[in-house]
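Letters go in sequence order (proteins before strands), and every chain restarts at 1.
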Amino acid sequence: MIRAIVIGASYGGMEAIQAILANLPENFKIPIFIVLHIGSNRIDAYLSTLNKKTFFTVKEAEEKEEFVAGTVYFAPPNYHLQVENYNSLSLSTDEKVNFSRPSIDVLFETASWVFQKELLGILLTGSNSDGALGMKSIHKFGGISIVEDPETAVAKAMPLSCIQLSKPDYILPLQQIAGKITELAIK
Amino acid sequence: MLSENNDLPVNDLVYGADNGDLFDLEIELLLDAVNRAYGYDFRNYSKAHLKRRIMHRLKMSSLATVTDLQKKLLWEKNFYRTFLQDLSINVTEMFRDPSFYKVLREKVIPVLSTYAHIKVWLAGCSTGEEVYSLAILLKEEGLLPRTRIYATDFNKNVLETAKQGIYKKQDMELYESNYNKSGGESNLSDYYTAKYGSVMFDKSLAKNVVFADHNLVTDGVFAEVNMVFCRNVLIYFDKILQNKVLNLFSDSLTNNGFLCLGTKESIRFTQLENSFSVIDKKNKIYKKGAVK
C-alpha cells in the first residue's frame, strides 16, 4: 500500500509535473511531495496555475507541517524539503546537495527512511543528476520507483543518470505516468 | 561526476528494506548515549536532519552502522568534536533575506532608538555573519554605541570564527548585493579590509559584542534583552523543543521586546501564539505582548 508519493524534476519540470497532476483523479487520497528546481520569482504563479488546473490543493510546504491527503506540497525555493516522520514535513537550509537547494535527493532519501516500502518515487526531466541517489535509496528501502523515459524528457540527463545508477521499477513516457500512479495507488 | 559532492546521500550502507526500523532504534540509542556521555542533548532535533548528518558521518568515516558510530563516539573523545561539528548548523550569510533587514530598519529600529540602552541576543550566531550584518545596520542607524549584542552558539569552533570576523572574499559579491537590497547606506566594503583571499571586518563593529557559549537545549535565561534574533535555528528542532526554546526567548525579552525568526519559521501553532503580536508577517518579526 502506498502512503506517500515523491516527485522530482528540474529543467522542463513545470510542464511535466502539470501534465501528471492534471491527469490524476479527483478522489486521489495520497499526499504528494515535490521538489522542482524553480526560481523564487516564478513559484507563486506556477502553484496558482496548478491549483486551477488540478483537483488538488497545491502549496509550498511549511515548517513541521502535518500533511494531509489531497494536497500537493512543493519545496520552497532555497530550502530542502524533508519527510520528518509519518505525519509531518520539515525544511532545512543546509548546504546545497548536487549544487541544488532544494535537492531531490534530500526529499527522496528522507522519504525512503520514513515510508520505506510504502513510498512511490517519480523522477522526471532535468539536466543534472539530482535524484539518482534518492531513487536508489527508495529502491533499497523497498519502495516503487518510476523514471520518465529519457526519450520523452525535455532534458534527458536526470532520468539517464537515475537509470544508470539504480534499477527503476518502471521507465515510462510522460503520458503514461499518471495512469501508472493511479493504478499503483489503488493496490 | 557524482563523487564531487561529499554530502550526497549514502546508499551503500547496510540500511534498507530489511532493517529500516533498526536504523531508527539505533539513532535513538546513539542520541541517548551522546547525552549521557557528553551532556549534549540532540534528542529533540529534527529527525530528518539528524539522519542525514549521521548518514553523512558514516560515509565519511567508513562506518557500516550507527552502532559502530556510537562505539567510536564513546571511546574516542576527539571524534566527538567532529560529530558535534556535523550536527551544528553552519550555513549562514550576511544580510540573508535582505527584505527582513529592510523591514527591521523600517519597523523595529525606530522603536529601539527611543531606548537609552539596547540589548540584543543573537542566538545560534554560528560563524558570525549575522552579527556583523546587525552591527553594520545598527551603526548606520546610530545605535551601535549604545547597543550590547550577546552572540551565542553551542559550538565553540564557530564562535572562534565569529570573533575573528574573517570571511572569504569570494562571498562578498553576494553579501554586497544583499546589503544593497537591505537598504544599506554605503558600500559593504567600507566595513572590511581585504587581504589575499580573505576579508576582515572592522574590530570596532564587534566592540560591544559578547561572544558566548550557550546551548539553547540545556541552558537558561542569562539576560533581559530588547530583541532576540534567532533565524533558521528552530527549523532544526522538533515541535517540543521549538516550544521550549520559544519560551526561553519569551522569558528573556522585556515587555514589547522584539523576536525575529527565519523566513520559514513561525510562532503560529506554538504555545506563544497568543502572547506575541505580529509586526511583520512575511519577515517573521514579532513583539512580546498580547494581541490587542
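Under the 30°/60° scheme for interplanar angles, the aromatic rings of B:F229 and B:F100 are found to stand perpendicular. Between B:F83 and B:Y80, the ring-plane angle classifies as tilted under the 30° and 60° cut-offs.
The ring of B:Y179 has its center closer than 6.0 angstrom to the ring center of B:F95. Ring centroid separation for the pair A:W113 and B:Y15 does not come in under the 6.0 Å cut-off. When ring centroids are compared, B:Y286 and B:F258 stay outside the 6.0 Å threshold.
Judged purely by distance below 3.5 Å, without hydrogens or angles, the side chains of A:T93 and B:N232 never pair a donor atom with an acceptor atom.
Within 6.0 Å of atom CD in A:E183, more than 12 heavy atoms from other residues, nucleotides or ligands are found, so the atom counts as buried in its surroundings.
Heavy-atom distances place both the backbone and the side chain of A:S92 under 4.5 Å from chain B. With a 4.5 Å cut-off on non-hydrogen atoms, B:R231 does not touch chain A at all. With a 4.5 angstrom heavy-atom cutoff, B:D18 does not touch chain A via any of its atoms. A:S90 touches chain B through its side chain: at least one heavy atom from C-beta onward sits under 4.5 Å away, while N, CA, C and O do not. For a residue to count as touching a neighbouring chain, one of its non-hydrogen atoms must lie under 4.5 Å from one of that chain's; by this rule A:Y79 touches chain B with the side chain only.
Interface with chain B: from residues 33-69 of chain A, residues A:E60, A:E62, A:E63, A:K64 qualify, criterion being any non-hydrogen pair under 4.5 Å.
Every residue meeting the salt bridge (charged side-chain N to carboxylate O under 4.0 Å, His left out) condition with B:D41, not counting sequence neighbours, appears here in chain and number order: B:R43.
For the options A:Q82, A:H139, A:E84, heavy-atom pairs under 4.5 Å to chain B are most numerous at A:E84. Considering only heavy-atom pairs separated by less than 4.5 Å from chain A, the leading option among B:G16, B:S266, B:G20, B:G262 is B:G16.
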Evaluate the side chain to side chain donor-acceptor pair (under 3.5 Å) criterion for residues A:N85 and A:S88: first the C-alpha distance (whole Å), next the side-chain angles of each, then the deciding distance (0.1 Å), finally the verdict. CA-CA 6 Å; A:N85 55 36; A:S88 65; 3.1 Å; yes

